[in-house]
Amino acid sequence: MLEPIIINDAGFANKAKIILSPNFDSRPNKFNVSLIVIHNISLPPGIYGGNNIFDLFTNKLNPDDHEYFRSIANLKVSSHFLIRRDGSLFQFVSCLERAWHAGESSWNQINNCNDFSIGIELEGSDYDAFEAKQYDCLNELIESLIKEYPIKDIKGHSDIAPSRKTDPGPYFEWSKIKTYFNQLPNKN
C-alpha cells in the first residue's frame with residue numbers, strides 16, 4: 001500500500017513537491033481552517049505542462065513569453081496546492097498560512113475566504129475534463145486535510161466569488177469527491 005498524504009505540524013504535505021511562493025501572509029487564526037476551495041488553472045489558458053503556473057505563483061512569469069501573460073505577470077497570487085494533469089502534487093504555501101487564491105470572496109456570509117480556506121488548483125480549464133489521476137490525488141489530499149483541520153465544506157472558486165470566477169468549471173465532476181464531501185459536518 002502506498003504511503004498516504006500526511007500534513008505535518010508545519011502545514012506541509014509529505015508527498016508534495018515544495019515550491020515556496022512569496023505570495024502569502026499570516027492567517028488571523030492558523031487553526032480555523034474550515035473550507036477547501038477548488039480552482040482550475042492553465043497558463044496560457046488551455047495549455048498544459050511547463051513551468052508557467054510555478055512562475056506565476058513565484059512572481060517569475062515573463063510577460064514577453066505569451067501575450068496573455070502581459071495582463072497577469074504583475075499579479076501577486078498563490079495557492080496552497082496544485083495537482084498537475086498527471087496527478088503530481090505541488091505545494092506553494094503552508095496550510096497554516098494564508099495563500100492568496102480566493103481574492104474578493106464570501107462563504108456563509110463571511111468575507112475574505114483566504115483567511116480560513118485552503119486553495120487547491122487543478123491543472124485544467126473550463127473547457128476540458130480533468131484526469132482520473134487528478135481526482136485520485138485530490139481525494140487523497142482532501143482526506144488528509146479533513147483529518148488535520150476542522151473542514152466544514154468544499155466549494156469551487158465560482159461558489160465563493162460567483163460574479164468573478166467560473167472555476168473549477170463545468171467539467172469538474174463533484175460526484176467524484178462526494179465520498180469525502182458527505183463526511184463533512186455542517187454542509188451547505
Side-chain angles (χ1 to χ4, degrees), residues 2-27 30 33 35-62 65-66 68-69 72-73 75-103 113-114 117-126 128-149 151 154-157 165 167-169 171-173 176-177 180:
L2 295 175
E3 178 184 7
I5 295 175
I6 297 170
I7 309 295
N8 67 25
D9 291 343
F12 288 96
N14 63 324
K15 291 172 72 174
K17 180 173 182 190
I18 308 299
I19 301 174
L20 294 176
S21 171
N23 303 327
F24 73 94
D25 55 6
S26 296
R27 291 184 187 275
K30 289 183 189 273
V33 177
L35 175 66
I36 293 172
V37 179
I38 299 175
H39 305 261
N40 75 44
I41 188 169
S42 55
L43 292 176
I47 304 297
Y48 306 128
N51 293 324
N52 295 325
I53 298 169
F54 306 140
D55 291 347
L56 176 66
F57 290 165
T58 58
N59 303 333
K60 297 176 184 170
L61 191 65
N62 184 341
D65 284 351
H66 190 276
Y68 179 75
F69 296 169
I72 64 167
L75 293 178
K76 303 292 186 221
V77 295
S78 62
S79 189
H80 293 93
F81 296 99
L82 167 68
I83 301 173
R84 301 288 305 248
R85 304 290 289 175
D86 65 1
S88 56
L89 180 65
F90 294 83
Q91 187 169 1
F92 300 92
V93 175
S94 163
C95 294
L96 300 178
E97 302 294 344
R98 177 171 44 198
W100 302 342
H101 62 95
C113 293
N114 284 338
S117 67
I118 292 176
I120 302 173
E121 298 276 358
L122 298 176
E123 186 178 35
S125 74
D126 286 1
D128 291 314
F130 295 93
E131 301 293 336
K133 289 180 179 183
Q134 288 180 289
Y135 287 107
D136 292 344
C137 182
L138 178 61
N139 278 312
E140 188 178 350
L141 180 59
I142 288 170
E143 182 177 16
S144 69
L145 293 169
I146 289 171
K147 287 178 182 175
E148 191 65 28
Y149 303 106
I151 302 296
I154 303 169
K155 293 293 181 184
H157 201 183
K165 297 295 180 176
D167 56 313
Y171 287 94
F172 183 75
E173 296 180 58
K176 291 190 175 182
I177 63 165
Y180 298 105

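A quick note: this is a predicted structure, and the numbers were derived from the prediction, not measured.
Defined by atom type and a distance below 3.5 Å, a donor-acceptor pair is present between the side-chain atoms of Asn23 and Asn59. Under the 3.5 Å distance criterion, with hydrogens and angles disregarded, no donor-acceptor pair is assigned to the side chains of Asn40 and Tyr171.
Taking NE2 from His157 and CD from Glu121, the interatomic distance works out to 8.5 Å, rounded to the nearest 0.5 Å. How far CD1 of Ile142 is from SG of Cys137: 10.0 Å, rounded to the nearest 0.5 Å. Residue Asp128 holds its CG atom at 3.5 Å from OH of Tyr48, rounded to the nearest 0.5 Å. Between the CZ atom of Arg84 and the CZ atom of Phe90 there is a distance of 6.0 Å, given to the nearest 0.5 Å. Taking CD1 of Ile72 as the reference point, atom CG of Asn52 lies at 8.5 Å (rounded to 0.5 Å). Of the inter-residue distances, the one linking Ile83 atom CD1 with Ile41 atom CD1 reads 13.0 Å to the nearest 0.5 angstrom.
Of all heavy-atom pairs spanning Val93 and Ser21, the tightest one is CG2-CB, 4.3 Å. The minimum heavy-atom distance between Ile6 and Asn14, with the atom names listed, is N-OD1, 2.6 Å. For the residue pair Ile7 and Phe81, the shortest heavy atom distance occurs at CD1-CZ, 4.3 Å. The two residues Leu89 and Ala13 have their closest heavy-atom pair at CD2-CB, 4.4 Å.
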- Could you walk me through whether Leu145 and Ile120 pass side-chain contact (heavy atoms from CB on, under 4.5 Å), step by step? CA-CA 11 Å; Leu145 293 169; Ile120 302 173; 4.1 Å; yes

- Task: Evaluate the side-chain contact (heavy atoms from CB on, under 4.5 Å) criterion for residues Phe130 and Lys176: first the C-alpha distance (whole Å), next the side-chain angles of each, then the deciding distance (0.1 Å), finally the verdict.
- Result: CA-CA 11 Å; Phe130 295 93; Lys176 291 190 175 182; over 6 Å; no

- Task: Give the intermediate values and the outcome of side-chain contact (heavy atoms from CB on, under 4.5 Å) for residues Ile177 and Ile38.
- Result: CA-CA 11 Å; Ile177 63 165; Ile38 299 175; 3.9 Å; yes

- Message: I'd like to know whether Phe57 forms a side-chain contact (heavy atoms from CB on, under 4.5 Å) with Val77, so could you lay out the CA-CA distance, the side-chain angles of the two residues, the decisive distance to 0.1 Å, and finally the verdict.
- Response: CA-CA 6 Å; Phe57 290 165; Val77 295; 4.1 Å; yes

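Without hydrogens or angle criteria, Gln91 side chain to Gly11 main chain gives a donor-acceptor distance under 3.5 Å. Checking side-chain atoms of His80 against main-chain N and O of Gly119 turns up a donor-acceptor pair under 3.5 Å. Counting only distance, with no hydrogens or angles, the side chain of Glu123 and the backbone of Gly49 share a donor-acceptor pair below 3.5 Å. Remark: side-chain polar atoms of Lys15 are paired, donor with acceptor, to backbone N or O of Glu3 under 3.5 angstrom.
Residue-environment remark: NZ (Lys17) stays at or below the threshold of 12 foreign heavy atoms within 6.0 Å.
Taking the six-membered ring where tryptophan is involved, the planes of His66 and Tyr68 are perpendicular, since the angle between them exceeds 60° and thus also 30°. In this pair, Phe172 and Tyr135 present their aromatic rings tilted. The plane angle is within the 30 to 60° band.
Remark: of the listed residues Ser79, Ser78, Ser117, Ser117 is the sole one forming a side chain to side chain donor-acceptor pair (under 3.5 Å) with His101.
Between Leu43 and Phe69 there is a side-chain heavy-atom pair separated by less than 4.5 Å. Looking at Leu82 and Phe54, their side chains come closer than 4.5 Å, going by heavy atoms from C-beta outward. Residues Val33 and Arg27 form a side-chain contact, since some pair of their non-hydrogen atoms from C-beta on lies under 4.5 Å apart. Contact of the Glu97 side chain with the Ser26 side chain is registered, since non-hydrogen atoms from C-beta on lie closer than 4.5 Å.
Under the salt bridge (charged side-chain N to carboxylate O under 4.0 Å, His left out) criterion, Asp25 pairs with Arg98, not counting sequence neighbours. Not counting sequence neighbours, Glu148 has no partner by the salt bridge (charged side-chain N to carboxylate O under 4.0 Å, His left out) test. Residues satisfying the ring pair (Phe, Tyr, Trp, His ring centres under 6.0 Å) test with Phe12, not counting sequence neighbours, are none.
A salt bridge links Arg85 to Glu131: one of the charged nitrogens lies within less than 4.0 Å of a carboxylate oxygen.
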